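These notes are about the structure you will find just below.
This one's a predicted model, so the numbers in the text were calculated from it and none came from an experiment. Along the sequence shown, residues are numbered consecutively beginning with 1.
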Amino acid sequence: MFFEALGEYNFLQQALITAILVGISSGIIGSFVVLRGMSLMGDAISHAVLPGVAISYMLGINFLIGSTVFGILAALGIGFITERSPLKNDAAIGIILSSFLALGMILVTIAKSSTNLYHILFGNILAVQRTDLWVTLVVTLLVIVLVSLFYKQLAVSTFDEIIAKSYGVNTKVIHYFLMVLLTLVTVVALQTVGVILVVAMLIIPASTAYLLTNKLGQMIFLAVTIGVLSAVVGLYVSFVNNLASGPCIVMCAAVCFVVAFLMSKKSSIRRIKS
């Protein structure tokens with residue numbers, strides 16, 4: 001049924017391609033997020049984009065624009081609070097996450113968009129338009145190219161910030177560079193899994209890969225593979241059983257993690273190598 005429909009309906013083809021692209025970009029960026037211990041940052045940005053979605057809806061513009069703006073504002077805001085106050089990073093994240101999420105809920109209520117809110121929260125990949133597909137493709141290619149170009153800087157600053165500084169790497173610039181990429185990936189993943197579950201696509205495939213290897217390059221490859229596999233299988237399960245696509249995709253990723261967790265014989269104190 002699924003494969004017959006895939007050959008017949010363009011919307012399903014677009015959904016599949018978009019899901020694959022999100023799996024690729026999430027796997028790449030998620031690997032650095034997991035290794036840097038920035039899972040909370042991904043969660044904060046994924047929730048912080050909600051006001052941008054609501055404002056975009058009210059203005060009648062593509063939600064990707066508003067989401068990107070607010071995602072970057074959230075990342076900058078967290079960095080600003082951490083640097084200019086005695087508060088630690090987790091407190092700054094909590095402040096930004098809760099404030100932006102509350103603002104987003106208020107704006108969504110003002111916009112009177114409960115139906116769209118459900119799709120925002122849990123994703124609606126079958127509603128992906130061709131424009132969204134092209135944006136997702138551009139972001140994925142951008143992530144691949146930029147991570148390839150700055151791989152060494154990202155790797156050394158991830159493993160040892162002091163050594164990175166001794167090599168002349170501007171770790172602050174690299175940090176915000178990664179935050180921008182994280183925001184872009186988060187925004188394009190909204191259509192696939194929604195605000196609530198987008199962080200799962202960033203964290204679960206990368207965490208699963210972390211259990212299976214101790215080399216950064218292999219970790220990224222495995223995270224991408226698991227992300228793509230979860231996206232494809234999740235879309236198949238959601239279509240066949242008429243279920244929400246986002247939760248199905250995330251549950252497939254979770255199953256992969258459980259299998260890797262049970263099968264992995266790696267020591268819990270091992271270290272990833274570049």
Side-chain angles (χ1 to χ4, degrees), residues 2-3 6 12-36 38-39 42 46 123 125 128 133 136-151 154-155 158-159 178 181-182 184-186 188-194 197-240 245-266 270-274:
F2 175 78
F3 296 103
L6 187 62
L12 191 57
Q13 296 171 7
Q14 292 176 178
L16 179 62
I17 296 172
T18 303
I20 291 173
L21 292 173
V22 168
I24 294 172
S25 57
S26 297
I28 296 172
I29 297 301
S31 296
F32 291 103
V33 170
V34 167
L35 291 176
R36 285 170 172 255
M38 291 168 48
S39 299
S46 66
I125 193 171
V128 169
L133 171 59
T136 305
L137 175 61
V138 169
V139 170
T140 302
L141 291 176
L142 189 65
V143 167
I144 293 172
V145 171
L146 291 179
V147 170
S148 298
L149 288 175
F150 298 99
Y151 180 81
L154 284 167
T158 295
F159 296 120
L178 185 60
L181 292 183
L182 174 59
L184 293 175
V185 171
T186 299
V188 298
L190 289 180
Q191 283 275 60
T192 309
V193 293
L197 301 174
V198 67
V199 69
M201 282 301 290
L202 286 164
I203 304 305
I204 297 179
S207 298
T208 305
Y210 180 78
L211 295 176
L212 301 174
T213 183
N214 59 356
K215 293 185 178 180
L216 178 57
Q218 292 180 2
M219 178 180 172
I220 294 174
F221 175 78
L222 286 173
V224 168
T225 302
I226 295 167
V228 171
L229 180 64
S230 301
V232 173
V233 175
L235 180 60
Y236 171 81
V237 171
S238 68
F239 182 84
V240 172
S245 58
C248 288
I249 291 173
V250 171
M251 284 308 301
C252 287
V255 169
C256 291
F257 175 81
V258 171
V259 172
F261 181 80
L262 294 176
M263 294 180 62
S264 177
K265 297 181 180 179
K266 302 281 187 178
R270 64 182 176 79
R271 296 181 65 88
I272 284 282
K273 301 175 182 179
S274 58

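- Annotation: side chain to side chain donor-acceptor pair (under 3.5 Å) contacts of Q218 (sequence neighbours excluded): T213.
- Under the 4.5 Å side-chain criterion, counting only non-hydrogen atoms from C-beta, Y236 is not in contact with L16.
- Closest approach of M201 and S26 over heavy atoms only: O-CB, 3.4 Å.
- The distance from atom CG of L212 to atom CE of M219, rounded to the nearest 0.5 Å, is 10.0 Å.
- With values rounded to the nearest 0.5 angstrom, L182 atom CG is found 6.0 Å from M38 atom CE.
- For the pair L35/L216, a side-chain contact is recorded, criterion being any heavy-atom separation below 4.5 Å from C-beta on.
- Listed for the S238 side chain is a donor-acceptor partner under 3.5 Å among the backbone atoms of L235.
- Contact between G27 and S31 at its shortest, heavy atoms only, is O-OG, 2.8 Å.
- Contacts of T158 classified as side chain to side chain donor-acceptor pair (under 3.5 Å), with partners at least two apart in sequence or in another chain: R36.
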Which side-chain N or O atoms in residues 247-257 pair as donor and acceptor under 3.5 Å with protein atoms at least two apart or in another chain?
none

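- If you take CG on L154 and CZ on F32, they are separated by 4.5 Å, rounding to the nearest 0.5 Å.
- Rounding to the nearest 0.5 Å gives a distance of 4.5 Å between CD1 of I29 and CG of L181.
- None of I226, L229, I28 except one satisfies the side-chain contact (heavy atoms from CB on, under 4.5 Å) rule with P205; the exception is I226.
- Of all heavy-atom pairs between A189 and V198, the closest is CB-CG2, 3.3 Å.
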**Request:** Please step through side-chain contact (heavy atoms from CB on, under 4.5 Å) for the pair L222 and T208, ending with a clear verdict.
**Result:** CA-CA 8 Å; L222 286 173; T208 305; over 6 Å; no
**Asked** Given I17 and L137, is the side-chain contact (heavy atoms from CB on, under 4.5 Å) satisfied, shown in steps?
**Response** CA-CA 9 Å; I17 296 172; L137 175 61; over 6 Å; no
Would you list the atom pairs, donor with acceptor, under 3.5 Å between side chains in residues 141-149 and any protein atom, with sequence neighbours excluded?
{"residue": "S148", "atom": "OG", "partner": "I144", "partner atom": "O", "Å": "2.6"}

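- The minimum heavy-atom distance between A223 and A209, with the atom names listed, is N-CB, 3.6 Å.
- Nearest heavy atoms, I20 versus V228: O-CG2, 3.7 Å.
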